[in-house]
Structure formats: C-alpha cells, structure tokens
Peer 1: 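A single structure is presented below for examination.
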Amino acid sequence: MGNFDLLMHGFGIAITPMHLMLMVGGVMMGLIVGVLPGLGAPNGVSLLIPLTFALDPTSAIILLSSMYWGALFGGSTTSILFNIPGEPSSVATTFDGYPLARSGQSTRALTLAFMSAGFGALLGVIVITLLAGWASNFALKFGAPEYFAVYFLAFAAFIGMGSAAPMKTLVSLAAGLLLASVGMDSVTGSIRLTFGFEDLLGGISFLVVVIGLFGIGELLSTVQEGLRFRGVASKIDLRDVFKTIAELPRYWATYIRSGLIGIWMGITPGGPTAASFMSYGIARSSSRKGVPFGTGRPEGIVAPETADHSAGSCAMLPMLALGVPSSATAAVMMGGLMIWGLTPGPMLFATQPDFVWGLIASMYVSNLIGVILVLATVPMFAALLRIPFTIIGPMIVAICFVGAYTVSNATFDLWLVLLFGLVGYLFSRLDYPLAPLVLAMVLGHKAENAFHQSMVLSDGSLGIFFANPLVSSIMIVGIALLVLPKLMQHGSRLWRRAPVE
C-alpha cells in the first residue's frame with residue numbers, strides 16, 4: 001500500500017495542465033524523432049536536454065521520458081508503412097507489419113502494433129511501481145565496494161548478454177571508459193588524456209558524444225544505404241481500429257510471454273532491440289499452424305512490439321533505483337539527472353519522492369497519450385516521410401550541430417561532434433555496439449570513484465570485493481556473466497560435433 005499511496009501522490013504531481021502539455025509536446029517530438037531515420041531516441045533525448053535547463057527537474061524528466069515513448073511509437077509507424085525501422089528496436093516489426101500493410105490491412109497492422117506497444121509499456125510501468133520501493137531499500141545497504149560491484153555487473157552483463165560479439169562489446173566499453181577519464185581526475189587532481197587541449201580540461205560532454213554517435217553517425221549510415229521511402233496507404237479507418245481491438249484477446253499468450261521477455265531484457269542490459277528480436281523468434285518457434293511468419297501474421301507484430309515497449313519502460317528501474325542504466329536512452333536520461341544536480345540511486349527515492357513518483361505516474365499518462373496521438377497523426381507523419389531525404393538530411397545535421405553548441409557554447413564541441421559522428425559511422429559499419437560506450441561514459445566516473453574509495457577502505461586489497469555475502473554474490477554473478485555464455489557456446493559446439501552412435 002505504501003507504493004500505491006506514493007503513486008497516487010505522483011498522479012497529483014503529474015496530472016497538471018503544465019505537465020500534460022509537456023507530455024503531449026514530448027510525445028509529438030518523440031514521434032518525429034522515431035519517424036525520421038537518422039535521429040533515434042538517444043539522440044533526440046540528448047538534443048532536448050539543453051532545452052530543459054529552464055525547467056524544474058520533475059518537468060524536465062517528464063518531457064524527456066515522453067519523448068522516449070513517442071520515439072518508440074514512431075519507429076513502429078515507419079516499420080509498418082514504409083518497411084523502414086525508425087528505431088533499431090522496430091526492425092523485427094517490419095517482418096510481418098509491412099507485409100500485412102501491403103495486403104491492404106494497414107489500419108489493422110498499425111492498431112495491432114500500437115495497442116501491443118501500449119500494453120507492453122503499461123506492463124513495464126506496473127513492474128516499476130511494484131519493485132521501485134523494494135529495489136531502493138535493497139540498494140540502501142550498499143557501500144563503495146557494493147556500488148563498484150554493481151557497475152562491474154552492468155559492464156559484465158553487456159559483454160555476456162549483449163547481442164554483439166563479446167570482444168566488440170569490450171572494445172566499446174573500453175572506449176567509453178577512456179572518454180570518461182579525459183580531463184582532471186577528481187580524486188588525485190592530475191590531468192589526463194587532454195593532449196594539450198585546454199578545452200578538454202573539463203572532460204568531454206557525454207551529450208556531445210551521443211549527438212555525434214547517434215545523430216551524425218546514423219545519418220552517414222543512412223546516406224550510404226541509399227534510403228528510399230516507398231509507403232503504402234496510411235488512412236486510419238475507425239471501424240477497423242475497433243474491430244482489431246476486439247481480436248486482441250486471442251493473442252493473450254503472446255502478450256504475456258512477450259511482456260515477460262521485455263521485462264527481463266529491460267531490467268538487465270539486454271535492451272529493447274534484443275527483447276523484440278528474442279520475442280519474435282520465440283513467437284515464431286512456438287506458433288501453431290496458420291499464416292506463415294514473414295507474410296503478415298498478427299503475432300509477428302504483437303510479439304516484438306509488446307517486448308520492445310515493456311523493455312523500454314523497465315529500463316528506467318535500474319537507472320532510478322541503482323544508478324545503473326540498462327539502455328543507451330536510459331544512460332542519456334541519467335546524464336540529464338546528474339546535470340540537474342540529482343544523483344540516481346536509492347537516496348533519490350528518499351530525498352526526491354515527488355520527482356520519482358511524479359515520473360512513474362507520468363509514464364502511465366504519457367503512454368496513453370502516445371497511443372491516442374500516434375493513431376491520430378499517422379497520415380501526417382506518412383506525408384512527412386514523402387519529403388525527399390535530401391531535404392530532411394541537412395535539417396537533421398543542423399539540429400545536431402545547434403544542439404551540440406548549446407551544451408556549453410563552445411566551437412570545439414562542434415569538431416567533437418564531427419569526430420564522434422565518424423566514430424559512430426565506423427562502429428555501425430563494423431557492427432560494434434554503441435550502447436556500451438555510452439554506458440561506460442556515464443558510469444565511468446562513478447565506477448572509478450567507487451573503486452578508489454574501496455581501495456582506501458581496504459588499504460589496496462582487492463579482497464574487499466569479496467568481503468561480505470552481498471558484494472561477493474554480486475561479483476560472482478558478474479564473473480559468471482562473463483564466463484558462462486562463452487562456455488555454453490563452446491559446449492554446444494562440442495555437442496554438435498560429437499559423433500552419433
């Protein structure tokens with residue numbers, strides 16, 4: 001009942017004219033970000049952070065989270081109507097969404113996607129509501145060694161459970177940690193990795209890095225792929241909408257299974273993209289006879305959309321309760337919290353209950369707003385996608401550079417955006433994941449400080465990370481995540497090679 005009372009208090013904070021306007025505006029901006037290839041949720045949120053400095057933290061986070069939900073919805077629109085995923089997590093939706101739309105059932109395909117997305121998001125927010133208090137109380141037992149162990153677990157989980165090759169994930173993490181160490185060491189006061197550039201004394205802004213990686217980098221990849229917009233009819237028929245809503249209960253098993261997959265992948269560093277692909281694969285392997293997957297089967301839309309949005313919602317839980325983001329967008333939001341002077345973690349629940357529960361309550365409202373707005377604006381965004389990319393592309397570049405310059409009004413940051421745009425492009429072409437780099441940049445300082453404090457407490461002994469059951473169990477889980485996936489992969493190869501008697 002404690003969490004329920006706090007949630008009701010949060011609704012009182014979230015449902016005000018000002019915050020409702022921010023939710024509508026955030027969802028609309030998110031829809032644009034999700035619809036236009038080359039932007040994406042992490043870049044859209046990072047571009048919006050400088051504009052939130054005039055707002056109080058609660059209003060700012062409501063605006064950013066609303067944009068995030070809108071971006072997820074927008075990615076589904078382009079996947080179904082144009083066979084172009086606006087978000088990486090929407091790729092799996094194209095497999096059956098676009099064929100169903102091409103068969104003349106675009107309203108049905110869009111309604112299945114949006115209602116499934118709304119259900120997945122609602123499921124994720126309910127999980128956050130139920131577990132937020134427990135997670136924060138559990139984290140109050142943490143000291144410096146426990147916090148370092150949690151950061152180690154986050155890094156290990158990305159390596160062991162990520163969809164990319166472990167060595168590529170390790171390289172991405174190492175690059176993020178190096179970038180986080182640029183500037184003055186907060187413990188010793190020494191200057192590191194500035195190479196004589198005075199502009200680097202204060203470190204490299206993670207916002208500038210994110211804008212370069214996800215904005216310019218993704219745009220370069222889009223240009224190379226020779227993007228062409230070929231859409232199908234995008235008019236929404238209300239009769240078909242209600243008819244599709246009436247058929248949703250027959251997919252209850254897919255909803256529950258995909259929601260649970262999304263919850264697990266959101267809390268762990270799997271993320272929405274991995275959740276959507278995993279859910280689609282499991283739905284296909286467990287399906288009964290009927291329309292083949294890949295030709296417009298409804299479960300092929302329901303499964304990835306439900307998992308995608310439940311994972312996107314649940315990614316907020318470890319960020320708020322433990323200070324450990326499990327996705328690139330959550331990492332960017334966490335950076336915003338730190339810029340506003342808030343420290344994500346268990347004390348945030350105790351010192352800023354209005355902020356935390358106002359945000360959680362706003363998730364319920366903004367996702368409802370998102371479902372309504374995305375259905376109402378499908379024709380408008382479909383028309384937007386018919387604008388030549390030669391016009392949209394330069395507009396995205398201009399938005400990225402303006403956003404980067406507003407971070408600290410430094411021309412040097414514009415050169416960094418170009419540099420990290422090239423880095424993001426190379427990472428994309430070579431299949432190196434970007435999310436671990438952003439995670440390491442956000443957590444790098446915190447992990448380093450926790451390690452320093454642990455070494456001071458133990459007089460330089462690494463045994464402090466196995467000094468009590470809590471910290472040792474976290475470290476053992478982290479080590480297991482590093483080792484077990486590789487061992488299991490090697491074991492499966494030996495099993496396949498074993499001769500059959």
Side-chain angles (χ1 to χ4, degrees), residues 69 72-73 75-77 79-80 89-101 103 105-131 236-268 270 272-315 317 363-372 374-375:
W69 315 136
L72 293 177
F73 281 114
S76 306
T77 303
S79 296
I80 292 170
S89 59
S90 300
V91 172
T93 306
T94 63
F95 301 156
D96 283 274
Y98 186 63
L100 187 61
S103 68
Q105 302 181 68
S106 59
T107 298
R108 185 186 180 205
L110 289 167
T111 305
L112 282 170
F114 300 150
M115 296 307 296
S116 300
F119 176 81
L122 177 63
L123 200 61
V125 179
I126 290 174
V127 169
I128 293 176
T129 304
L130 296 176
L131 297 184
I236 294 293
D237 189 329
L238 286 179
R239 288 176 297 180
D240 288 342
V241 169
F242 291 116
K243 189 185 299 183
T244 305
I245 291 174
E247 75 173 87
L248 294 179
R250 72 177 67 167
Y251 310 121
W252 64 270
T254 304
Y255 277 118
I256 294 174
R257 181 179 60 242
S258 302
L260 293 175
I261 292 171
I263 289 168
W264 170 249
M265 298 299 283
I267 294 176
T268 62
T273 302
S276 63
F277 276 101
M278 181 184 294
S279 182
Y280 183 87
I282 293 175
R284 183 173 57 185
S285 62
S286 60
S287 65
R288 299 176 181 177
K289 293 182 179 180
V291 179
F293 275 77
T295 61
R297 181 152 177 157
E299 291 95 325
I301 301 173
V302 170
E305 285 297 311
T306 303
D308 177 7
H309 283 249
S310 60
S313 300
C314 286
L317 178 60
M363 292 181 189
Y364 288 94
V365 182
S366 58
N367 275 291
L368 176 61
I369 291 173
V371 173
I372 297 171
V374 76
L375 282 170

Peer 1: Would you say the side-chain atoms of Asn367 pair up with the backbone N or O of Met363, donor to acceptor, closer than 3.5 Å?
Peer 2: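 Such a contact is found between Asn367 side chain and Met363 backbone.
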Peer 1: Is any side-chain heavy atom of Cys314 closer than 4.5 Å to one of Trp264?
Peer 2: no
Peer 1: Report the residues that fulfil side-chain contact (heavy atoms from CB on, under 4.5 Å) with Ser279, sequence neighbours left out, ordered by chain and then residue number.
Peer 2: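 Partners of Ser279 under the side-chain contact (heavy atoms from CB on, under 4.5 Å) test: Ser258, Ile261, Ala303, Ala307.
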Peer 1: Which residues pass the ring-ring contact (aromatic ring centres under 6.0 Å, His included) test with Phe119, not counting sequence neighbours?
Peer 2: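 Phe119 satisfies ring-ring contact (aromatic ring centres under 6.0 Å, His included) with Tyr255 only.
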Peer 1: To the nearest 0.5 Å, what is the distance between CG on Leu131 and CD1 on Ile263?
Peer 2: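 Result: 9.0 Å between the selected atoms.
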Peer 1: Check each of Thr94, Thr306, Leu112 against Ile301 using the side chain to side chain contact (heavy atoms under 4.5 Å, CB included) test, and report the only one that passes.
Peer 2: Leu112
Peer 1: Side-chain contact, heavy-atom cut-off 4.5 Å: Glu247 with Thr244?
Peer 2: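 A side-chain contact under 4.5 Å exists here.
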Peer 1: Spell out, as yes or no, whether a donor-acceptor pair under 3.5 Å connects the side chain of Asp96 to the backbone of Arg297.
Peer 2: yes
Peer 1: For the OH atom of Tyr280 and the CD atom of Glu305, what is their distance to the nearest 0.5 Å?
Peer 2: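 Tyr280 atom OH to Glu305 atom CD measures 12.5 Å (nearest 0.5 Å).
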Peer 1: Have Tyr364 and Thr129 got a donor and an acceptor in their side chains that come within less than 3.5 Å?
Peer 2: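 Distance-only check passes for Tyr364 and Thr129.
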Peer 1: Working to the nearest 0.5 Å, report the span between CG of Leu110 and OG1 of Thr93.
Peer 2: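 Reported to 0.5 Å precision, the distance equals 11.0 Å.
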Peer 1: Is there a donor-acceptor pair closer than 3.5 Å between any side-chain N or O of Thr111 and the backbone N or O of Arg108?
Peer 2: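 Not a single qualifying donor-acceptor pair exists.
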Peer 1: Are Tyr98 and Ile80 packed together at the side-chain level, in the sense that at least one heavy-atom pair is separated by less than 4.5 angstrom?
Peer 2: no
Peer 1: Going by ring-ring contact (aromatic ring centres under 6.0 Å, His included), name the residues that satisfy it together with Tyr251, two or more places apart in sequence or in a different chain.
Peer 2: none
Peer 1: Once you round to the nearest 0.5 Å, how far does CG of Leu100 lie from OG1 of Thr295?
Peer 2: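 So the CG of Leu100 and the OG1 of Thr295 are separated by 9.0 Å.
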Peer 1: What are the two closest heavy atoms between Ala101 and Ala109, and how far apart are they?
Peer 2: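 So the minimum-distance heavy-atom pair works out to N-CB, 4.3 Å.
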Peer 1: Would you give the length of the straight line joining atom OG of Ser310 to atom CD1 of Ile126, rounded to the nearest 0.5 angstrom?
Peer 2: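 So the OG of Ser310 and the CD1 of Ile126 are separated by 11.5 Å.
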Peer 1: Does the side chain of His309 reach to within under 4.5 Å of the side chain of Ser116, using non-hydrogen atoms?
Peer 2: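 Heavy-atom side-chain distance check fails, nothing below 4.5 Å.
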